[in-house]
Amino acid sequence: MRRRAPRGDRSVARSLSTFKYLTFDVVGTLIDFEAGLTAPLAAIAAEHGVPFDPEAALALYREARYMPDALRFPDDLTRVYSVIAPKLGLPSDAPYGARLRAAVPGWTAFPDSAEALARLAKRYKLIAMTNAQRWAYEHFSNALGNPFYAAFTTDDTGTEKPDPAFFEQVFSFVEADGGAKDDILHVAQSQYHDIGVSRQLGLTNCWIQRRHAQPGYGGTIAPSQFTTPDYHFTSMAELADAVEARHAA
């Protein structure tokens, strides 16, 4: 189901100028994960004359990614491919799964991500919080212009969002840096991995609704319930514009 939330704050408006840190989900919010995943699948399908439906592939990916035997992302893509390939009519040979994983360094940022992050970095300390492994994060950070003050990956935390333990490690870092939880605005596209749990942990959050023009949750697991965010934008550019307007007021 396509969900829209009211723009702006949940209740009493808090100025965007009051935050000191912006924490970011990376894959899906800043990096175009769905295009990165479906492009090599579409290429394999074309090579074998198989019709390809990106949304169907994302739905199959979502189911496979959260199986009990899942590995860390994106190494897990080789296993995922072996699960979804037969259902897509694609060859399930191991080299094709390896090809899906090997495409990750080439995944691109959304067109507005790098420019928006550069603008935001002038006013805040930016912290990456990603369920990707460190090797993949390094490629993503390069694609984004290396804007981050600090970064936390699944390799660093030993867990994945929405596990609160992931967030707690970031809170500890911020406190050691002289800040506090109230100084953080958490920015993400995933209701399941980020928006819901950030609300439970008392963070102010900002939902970047990348799929605003598409139905459903794509490659991301659907939340058990929708969380109305404190701030809601459909792009990173909109967030950066709002920040600059607030600081100019």
K161 pairs by side-chain hydrogen bond (donor to acceptor under 3.5 Å, both in side chains) with which of N131, T154, D25?
D25
Can you name the closest pair of heavy atoms from A132 and V27 and give their distance?
CB-CG2, 4.3 Å
Does R101 count as lying over the ring of Y81, i.e. NZ or CZ under 6.0 Å from the six-ring centre, within 45 degrees of the axis?
no
If you take all heavy atoms of L144 and A109, which pair is closest and at what distance?
CD2-CB, 3.6 Å
Using side-chain contact (heavy atoms from CB on, under 4.5 Å), reason through K125 and D177 one step at a time and then give a plain yes or no.
CA-CA 11 Å; K125 293 179 178 179; D177 195 56; 2.9 Å; yes
Step through the shown structure and confirm whether more than 12 heavy atoms of other residues, nucleotides or ligands are within 6.0 Å of NZ on K181.
yes
Measure across L120 and A240 and return the closest heavy-atom pair with its distance rounded to 0.1 Å.
CD2-CA, 4.0 Å
Taking the basic N atoms (NZ, or NE/NH1/NH2) and the acidic carboxylate oxygens, is any pair closer than 4.0 Å for K122 and E244?
no
Would a 4.5 Å heavy-atom cut-off, applied to side chains only, mark C206 and I208 as touching?
yes
same_hphob_cluster(L37, I44) at 4.5 Å side-chain heavy-atom cutoff:
yes
Rounded to the nearest 0.5 angstrom, the CZ-OG1 distance for R199 and T204 is 8.5 Å
Any side-chain donor near an acceptor of the partner, D155 and Y137, under 3.5 Å:
no
Is it true that a side-chain atom of E115 and a backbone atom of A237 form a donor plus acceptor pair closer than 3.5 Å?
no
Residues W135 and D75: side-chain donor-acceptor under 3.5 angstrom
yes
For Y61, run the ring-ring contact (aromatic ring centres under 6.0 Å, His included) check against F73, F33, Y217 and tell me which one passes.
F33
CH2-NE2 distance between W207 and H212, expressed to the nearest 0.5 angstrom
10.5 Å
Sidechain-backbone polar pair: T23 side chain, I127 backbone, donor-acceptor under 3.5 Å
no
Give the C-alpha distance, both sets of side-chain angles, the deciding distance and a yes or no for ring pair (Phe, Tyr, Trp, His ring centres under 6.0 Å) between H48 and Y96.
CA-CA 12 Å; H48 292 82; Y96 290 101; 5.5 Å; yes
Taking L77 as the starting point, is it possible to reach L71 by hopping between hydrophobic residues whose side chains are less than 4.5 Å apart?
no
Please report the interatomic distance CZ(F171) to CD1(I184), rounded to the nearest 0.5 Å.
5.5 Å
Nearest heavy-atom contact between E34 and G219 is OE2-N, 3.1 Å
Check whether any side-chain heavy atom of M67 lies under 4.5 Å from a side-chain heavy atom of V80, and answer yes or no.
no
Of all heavy-atom pairs between T220 and S190, which one has the smallest distance, and what is that distance?
CG2-OG, 3.2 Å
Counting C-beta onward and ignoring hydrogens, is there a side-chain heavy-atom pair between V197 and F166 closer than 4.5 Å?
no
Does the side chain of T157 reach to within under 4.5 Å of the side chain of M129, using non-hydrogen atoms?
no
Using side-chain heavy atoms (C-beta onward) and a distance below 4.5 Å, is S113 in contact with I31?
no
Closest contact, heavy atoms only, A222 versus Y192
O-CD1, 4.1 Å
Lys/Arg-Asp/Glu bridge criterion (N-O < 4.0 Å) met for R210, D112:
yes
side-chain contact (heavy atoms from CB on, under 4.5 Å) evaluation trace for L30 with M236
CA-CA 8 Å; L30 306 175; M236 283 293 300; 3.8 Å; yes
L16 vs Y124 side-chain heavy atoms within contact, under 4.5 Å:
yes
